[in-house]
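Whatever order the structure lists them in is the order used to number ligands and atoms, beginning at 1. Numbers here are sequence positions counted from 1.
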Amino acid sequence: MPVDFSGTWNLTSSDNFEGYMLALGIDFATRKIAKILKPQKVIEQEGNSFSIQTTSTFRSYFVQFKIGEEFEEDNKGLDHRKCKSIVTWDNDKLVCVQTGDKKNRGWTHWIEGDQLYLELRCEDQVCTQVYKRA
Ligand code: VL7
């Protein structure tokens with residue numbers, strides 16, 4: 001049985017989100033607002049189907065996917081670049097590769113104890129976020 005990511009998770013720490021946003025070309029004013037946000041993630045996992053709703057007071061983002069099935073991602077409200085995305089398991093880690101204009105773009109989720117980790121990658125930048133179960 002794979003790990004169950006389902007639940008509500010609140011951001012507790014974020015390292016190098018600024019570098020990640022710069023790599024995505026997010027403008028100064030948006031970065032200033034974005035970096036003080038404390039987003040909440042609601043993840044639903046049922047078999048191979050996932051949905052991840054990330055909510056904040058400024059922008060929110062929703063994505064759903066099935067493991068191993070490529071999907072079109074629009075990154076609406078984020079950088080708006082379209083990607084062909086695919087999520088697979090790497091042992092107990094959930095790994096997303098987002099193919100598009102930006103090199104080396106993707107993310108990885110994993111759980112340690114009652115904490116959810118998220119590594120966000122774009123070009124040479126890596127942002128690591130930690131979320132605590134609500
Ligand atoms: C998505 C933000 C910077 C714009 C606002 C920031 C709003 C809250 O990809 C992500 O999550 C995955 C894995 O859980 C599922 O989609 C993270 C946040 C990346 C990039 C763009 C700054 C403006 C943050 C939505």
| note | Per the under 4.0 Å non-hydrogen criterion, ligand 1 touches Phe17, Tyr20, Met21, Leu24, Ile26, Thr30, Ala34, Leu37, Lys41, Ile52, Thr54, Phe58, Arg59, Tyr61, Val63, Leu78, Trp107, His109, Leu118, Leu120

| Salt bridge Glu18-Arg31, side-chain N to carboxylate O under 4.0 Å | yes

| request: Mind jotting down which residue pairs meet the side chain to side chain donor-acceptor pair (under 3.5 Å) criterion with at least one end in residues 49-60? Sequence neighbours excluded, please. | output: Lys41-Thr54

| request: Please name all residues satisfying salt bridge (Lys or Arg N to Asp or Glu O under 4.0 Å) with Glu46, sequence neighbours left out, ordered by chain then number. | output: none

| query | Salt bridge or not for Glu72 and Lys84, using N-O below 4.0 Å? | reply | yes

| Results of salt bridge (Lys or Arg N to Asp or Glu O under 4.0 Å) for Glu123 - residues two or more places apart only | Lys102

| task | Determine yes or no for a side-chain-to-main-chain donor-acceptor pair under 3.5 angstrom, with Asp27 supplying the side chain and Thr30 the backbone. | result | yes

